[in-house]
Amino acid sequence: MFVQRLFEQHHEELYRYLVRLTGDSDTAADIAQETFIRWVENDPREAQPRAWLFKVATNLARDGLRVQSRRLTLLEESPGDAPLGDAPLLPDQDLERSENQRLVRDALAALPERDKMILLMREEGFSHREIADAAGTTTKSVGTLLARALRALTAQLAPDSETLL
Amino acid sequence: MNIAVDTAHHHLDDAELVRLLDNELTDWEAIELRKHLRGCASCAGRRDSLQAAQEQVFTALRGIEIPRLSQERAARSRAAVERAAAARLKRRFYARPAALRAAAGIVLMLATAMAVTPVRAWIVEQWDTIVAAPAAELPPGVADGSLESSVVSFVPAGEVFRIHLAHPQQSGDLVLAARPAGRAAAEVMKGGSAEAFTVLPDGLRIDNLSGSTTGYLVTVPESIEFIDLHIGEGPLLRIPMAGRELPWVRHIKLGKTGEGEFGIELQP
């Protein structure tokens, strides 16, 4: 069945994108599931199913499917939900890494929803045209919005850095 | 999209610089912009800053730990999607003209004929090649019920529910029942324990480790099209479920046949 193959190929990356977008793993899992169900129900016959999935998932997230009330709970994940990543770090390294991640998540959460979505889709390797299609804007605007998002995020991550725009 | 600016006299804007860095420009556009950058320290400096910002931000984003989706949650999502696909298939089937439905009915009758002994014997002979992958190759299943309780409850995937009795028994009972909900459940009726159950992605494996006369009650959702019963390396029974009216219960006696082989016997 095509949707099963689609699920195997794209569910993990879609979930990852949605965790970053919404800041909440439960919400991300719900939206990812709903996205694939929409695929089944709409049978879109898309030449670019990956772009379609991300677009629909983004719209679902933007529509506020439980996003607002459950934001930024990544640090409260249950111990059973082991994060993806390398071997455990030393306590100091772990602390530093946690602090860095908190900074990134806070900076990301402070971005406007559309800027955040555009930035994350770009990080997932989508072209400006695909991002524009998902965001409902023009390819030229994607460049402008990306630059704005980069500027804002960099300012929050390293306020004293000389690489600031 | 062409860039219609005179790059010799105007500074480049952020959108142009980002599109250049992301290789989103045509060759001609990229040449024009690079030509401008070679002669404009201000724009070149902004290009370098943007590039550094991209590297910093994308590195930071990739560093965000993503909580791994539990095996159970992933399986639930997969099952929900497959149920949606099955439901859609069913809706499309009933939306088709009567002639097509009649043809599908003939196919269903052929499937039912597989319950006939000679046909079943042929299936048993061909089991490994036509029906399913060996159990060892199946990914581990998950149950959301506690294995310490006497009942295991779970959501099966697909339209075929496979029960694999991994260890032949001297005797025992297997009672199958359909239920209106979307969940399946397995229960030890007497002797043994629920630890004998392993939930597979497409059904249930039963290991009779502690007794030879254990009985089991297995309930499946009404949406299941077939129950495939597989015993050790022995016989396969395919039970069609489509069109059954609830309540539906089937009693199967487990035990040795007259020839000393392990077998099953359907009760009326």
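Letters A, B, ... mirror the listed sequences (proteins, then strands); counts begin at 1.
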Rounded to the nearest 0.5 Å, how far apart are CD1 of B:Ile64 and CG of A:Leu103? 11.0 Å

ring-ring contact (aromatic ring centres under 6.0 Å, His included) partners of A:Tyr17, counting only residues at least two apart: A:Phe54

To the nearest 0.5 Å, tell me how far B:Asp22 CG sits from A:His128 NE2. 3.5 Å

So, for A:Val104 and B:Ala60, which heavy atoms are closest and what is the spacing to 0.1 Å? CG2-CB, 3.7 Å

Return the minimal non-hydrogen interatomic distance between B:Phe58 and A:Glu123, and the atom names on each side. CD2-CG, 3.5 Å

Between A:Gln101 and B:Glu65 (side chain of the first, backbone of the second, donor and acceptor by atom type, cut-off under 3.5 Å), is there such a pair? yes

B:Val81 pairs by side-chain contact (heavy atoms from CB on, under 4.5 Å) with which of A:Val40, A:Leu6, A:Thr35? A:Val40

CG of B:Leu61 to CD of A:Glu124, rounded to nearest 0.5 Å, is 9.5 Å

Flag the pair A:Thr144 / B:Asp14 as yes when at least one side-chain heavy-atom distance between them is below 4.5 Å, and no otherwise. no

Under 4.5 Å heavy-atom distance to chain A, tell me which part of B:Asn23 shows up: side chain, backbone, both or neither. neither

If you compare all heavy atoms of A:Ala29 against all heavy atoms of B:Leu69, which two are closest, and at what distance to 0.1 Å? CB-CD1, 3.7 Å

Please classify the contact between B:Arg83 and chain A as side chain, backbone, both or neither, with a heavy-atom cut-off of under 4.5 Å. neither

Are any of the side-chain heavy atoms of B:Asp13 and A:Lys140 separated by less than 4.5 Å? yes

Side chain, backbone, both or neither: which part of A:Leu108 has an atom under 4.5 Å from a heavy atom of chain B? side chain

If one checks every heavy atom of B:Glu24 against chain A at 4.5 Å, the contacting part turns out to be side chain

Minimum heavy-atom distance A:Arg16-B:Ile66, with the two atoms named: CG-CG1, 3.7 Å

What distance separates A:Leu150 CG from B:Ser49 OG, expressed to the nearest 0.5 Å? 11.5 Å

Do A:Glu8 and B:Arg78 have side-chain heavy atoms sitting under 4.5 Å apart? yes

Point-to-point distance, once rounded to the nearest 0.5 Å, from CD of B:Glu82 to CD1 of A:Ile37: 11.0 Å

Pair A:Gln33, B:Arg73: side-chain N/O donor-acceptor within cut-off below 3.5 Å: yes

Specify the closest pair of heavy atoms between A:Phe7 and B:Ser77, including all atoms of both residues, with the distance to one decimal. CZ-CB, 3.9 Å

With a 4.5 Å cut-off on heavy-atom pairs, point out which of A:Arg148, A:Arg122, A:Glu41 contacts chain B the most. A:Arg122

Looking at CD of B:Gln56 and CG of A:Leu153, how far apart are the two atoms once the value is rounded to the nearest 0.5 Å? 8.0 Å

